[in-house]
Amino acid sequence: MAAPAPLRQRRPRRFRERKDVLHDLDDGELIKRYRLDRAGIIFVTDLVRGPLTNPTGRNQALTPEMKIIVLLRYLATGKMQLCSMDDLGPSQQTVSRVITETLMALSSNAILTQFITFPITPHETQRKIVDFQQIAGFPGVIGAIDGTHVRISAPSEFEEEYVNRKGYHSINVQVIFDAKYKITDIVAKWPGSVHNARILNESSLNRVVFGRGMVPDGCHLLGDSGYPSKKWLLTPYLRPQPGPQSNYNRAHKITRSVVERGIGQLKRRFHVLHGEIRVQPPSKVCQIIKVCAMLHNICKNRNIYIPAAEDDEEEVDDPLHLQPPAAQRPREGLLYRDEFADLHFRNDN
């Protein structure tokens with residue numbers, strides 16, 4: 001009788017050695033790679049430490065800190081492969097799973113609203129008004145609003161709705177910045193084909209915050225000509241007359257440029273927003289955008305600079321802004337703008 005074949009010994013699993021970046025790198029290198037210093041990384045980790053802690057306690061499980069670091073590396077570069085090639089240890093499959101898990105934790109409404117808040121109290125709005133008026137003397141401004149497109153790969157459903165007027169697939173993101181380049185409101189859910197005016201019209205900002213009078217009287221947003229003029233949303237004159245209208249336009253342009261520079265800062269800080277985001281479905285891209293906005297504000301709160309890079313690019317707005325349909329340009333808003341310009345810009349300061 002033949003002897004039984006010897007049992008094959010199971011090859012022991014081999015784990016890649018993981019680099020302890022929080023211990024090995026100084027704050028300058030951490031900011032360059034992950035956009036936060038050591039204290040900032042720990043701060044963000046503590047926000048979601050519970051959901052990110054592995055309950056099994058198995059060997060080689062990623063710590064919450066490491067999960068945050070993996071996500072930050074992806075957001076800073078836009079390249080998942082760098083997360084596994086950067087001596088962090090996880091495989092590509094693990095990186096993808098960790099990014100999904102960490103995005104889910106950080107994009108919860110309970111976390112986002114701690115750092116992205118729109119001013120509605122008299123104290124908050126007055127502080128914003130003072131900050132904006134110091135730019136070019138434009139009174140009563142609490143925010144500058146614009147839309148920016150974030151490129152995505154073609155989705156499998158409703159693909160044509162995501163094609164914007166430039167011909168590529170995108171999410172059209174509505175964002176508001178204050179004079180300190182902090183984001184006070186962001187709407188990231190609309191396909192690229194949707195006009196800025198519709199996004200505003202459907203937003204809680206229009207329906208609730210301003211629509212129900214939650215903001216004190218005399219508070220305004222500044223928007224470009226792609227938005228309808230309202231009593232609380234001031235847009236530029238397309239053909240300004242000499243005098244108050246030209247003075248108004250001059251101050252409006254300088255003051256509103258805050259949002260253009262703010263978008264540029266956001267996209268330079270997190271390069272994932274610069275190129276095409278190749279994740280599906282689009283709702284996951286929206287999570288990425290909102291988490292980047294929150295992290296941008298955290299960086300502002302902690303005075304963390306944007307590291308310079310050779311491939312940095314300024315966000316350049318398309319000079320062609322489609323006007324909203326006539327039905328969305330109520331005469332009431334246009335008349336209010338005339339009265340506002342005549343009252344505040346009769347003399348060129």
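Numbers for residues simply follow the sequence, beginning at 1. Remember, it's a predicted structure, so these values are computed and weren't measured experimentally.
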Decide whether I199 and I289 are clustered together by the hydrophobic rule: side chain heavy atoms of Ile, Leu, Val, Met, Phe, Trp, Tyr closer than 4.5 Å, transitively.
-> no
Salt bridge (Lys or Arg N to Asp or Glu O under 4.0 Å) with E161: which residues, sequence neighbours excluded?
-> none
Going only through I, L, V, M, F, W and Y residues with side-chain contacts under 4.5 Å, is there a path from I116 to W190?
-> no
D217 CG: over 12 foreign heavy atoms closer than 6.0 Å = no
Atom CZ of F158: over 12 foreign heavy atoms under 6.0 Å = no
Would you mind telling me which of Q280, H169, E276 makes a side-chain hydrogen bond (donor to acceptor under 3.5 Å, both in side chains) with S153?
-> Q280
Please examine the side chains of K253 and P236, heavy atoms only from C-beta on, and report whether any two atoms are closer than 4.5 Å.
-> no
Looking at F270, is R35 sitting on its ring face, NZ or CZ under 6.0 Å from the six-membered ring centre and within 45 degrees of the normal?
-> no
Does E160 CD have over 12 foreign heavy atoms under 6.0 Å away?
-> yes
Minimal non-hydrogen separation, M104 against Q287, with atom names = SD-NE2, 3.7 Å
Pairs in or reaching into residues 125-140: which pass side chain to side chain donor-acceptor pair (under 3.5 Å), with residues at least two apart or in two chains?
-> K128-D178
Pairwise side-chain contact, I288 with C292, heavy-atom cut-off 4.5 Å (strictly under) = yes
Could you go step by step and tell me if L71 and L103 meet the side chain to side chain contact (heavy atoms under 4.5 Å, CB included) rule?
-> CA-CA 8 Å; L71 175 65; L103 278 174; 3.9 Å; yes
Check for a donor-acceptor pair, side chain of H252 on one end and backbone N or O of D224 on the other, with a separation under 3.5 Å.
-> no
Return yes when atom NZ of K300 has more than 12 non-hydrogen atoms of other residues, nucleotides or ligands closer than 6.0 Å, and no otherwise.
-> yes
Test side chain to side chain contact (heavy atoms under 4.5 Å, CB included) applied to R256 and V141, step by step | CA-CA 10 Å; R256 198 194 71 84; V141 179; over 6 Å; no
Will you find, in the side chains of R198 and N201, an N or O donor that is under 3.5 Å from an N or O acceptor?
-> no
With distance as the sole criterion, is a donor-acceptor pair present between the side chains of Y336 and H220 under 3.5 Å?
-> yes
Path from M214 to W232 over hydrophobic side-chain contacts below 4.5 Å = yes
Heavy-atom closest pair (V194 atom, N172 atom, distance to 0.1 Å) is O-ND2, 2.9 Å
Note: R151 and Y168 closest approach over all heavy atoms is NH1-CB, 3.3 Å
Flag side-chain contact, heavy atom, 4.5 Å: N164 against S193 = no
Is a side-chain N or O of N247 found less than 3.5 angstrom from the main chain of G243, in a donor-acceptor match?
-> yes
Give a yes or no on whether L233 and L343 share a hydrophobic cluster (residues Ile, Leu, Val, Met, Phe, Trp, Tyr; joining criterion: side-chain heavy atoms under 4.5 Å apart).
-> no
Is any side-chain heavy atom of I42 less than 4.5 Å from a side-chain heavy atom of L22?
-> yes
Out of curiosity, I99 CD1 to L75 CG, how far, rounded to the nearest 0.5 Å?
-> 7.5 Å
Between Q114 and A110, is there a donor-acceptor pair closer than 3.5 Å when you use the side chain of the first and the backbone of the second?
-> yes
Atom pair CD1/OH of I171 and Y162 - distance to nearest 0.5 Å | 5.0 Å
Any side-chain heavy-atom pair of F118 and V209 under 4.5 Å = yes
Over 60° means perpendicular and under 30° means parallel, so classify the ring planes of H274 and H271, tilted if in between.
-> perpendicular
Could you state whether V173 and I277 fall into the same hydrophobic cluster, counting links through intermediate Ile, Leu, Val, Met, Phe, Trp or Tyr residues with side-chain heavy atoms under 4.5 angstrom apart?
-> yes
Any chance you could measure D37, atom CG, to I31, atom CD1, to the nearest 0.5 Å?
-> 5.0 Å
Can S225 and T235 be counted as having a side-chain donor-acceptor contact under 3.5 angstrom?
-> no
Side-chain contact test, heavy atoms from C-beta onward, threshold under 4.5 Å: evaluate it for V272 versus Y74 and give yes or no.
-> yes
Hey, is E332 close enough to K230 for a salt bridge, meaning N to O under 4.0 Å?
-> no
Give, for atom CZ of R33 and atom CD1 of I69, the distance between the pair rounded to the nearest 0.5 Å.
-> 11.0 Å
K67: salt bridge (Lys or Arg N to Asp or Glu O under 4.0 Å) partners, not counting sequence neighbours | E101
Nearest non-hydrogen partners of A144 and V259, listed with the distance | O-CG2, 3.5 Å
State, yes or no, whether a side-chain contact exists between L221 and L205 at a heavy-atom distance under 4.5 Å.
-> yes
Any idea how F345 and F138 line up, ring-wise: parallel (<30°), tilted (30 to 60°), or perpendicular (>60°)?
-> tilted
Could you walk me through whether D146 and I263 pass side chain to side chain contact (heavy atoms under 4.5 Å, CB included), step by step?
-> CA-CA 9 Å; D146 205 354; I263 291 170; 4.3 Å; yes
CZ (R302) with more than 12 external heavy atoms under 6.0 Å = yes
Going from CZ on F210 to OG on S203, what distance comes out if it is rounded to the nearest 0.5 angstrom?
-> 9.5 Å
Note: P282 and P155 closest approach over all heavy atoms is CG-CB, 3.7 Å
Identify the two heavy atoms, one from F115 and one from I298, that lie closest to each other, and give their separation to 0.1 Å.
-> CD2-CG1, 3.7 Å
Any sub-3.5 Å donor-acceptor pair from T117's side-chain atoms to T113's backbone N or O?
-> no
Is there a donor-acceptor contact under 3.5 Å linking the side chains of R261 and S257?
-> yes
Is D338 close to F340 at the side-chain level, that is, under 4.5 Å between some pair of heavy atoms?
-> no
Go through the steps to decide whether C299 and R269 satisfy the test side chain to side chain contact (heavy atoms under 4.5 Å, CB included), and finish with yes or no.
-> CA-CA 10 Å; C299 289; R269 194 185 297 274; 3.2 Å; yes
Quick one: pull up CG in L295 and NZ in K290 and give me the separation to the nearest 0.5 Å.
-> 13.5 Å
Can you list the steps and then say if E124 with T121 is a side-chain hydrogen bond (donor to acceptor under 3.5 Å, both in side chains)?
-> CA-CA 5 Å; E124 292 170 338; T121 68; 3.2 Å; yes
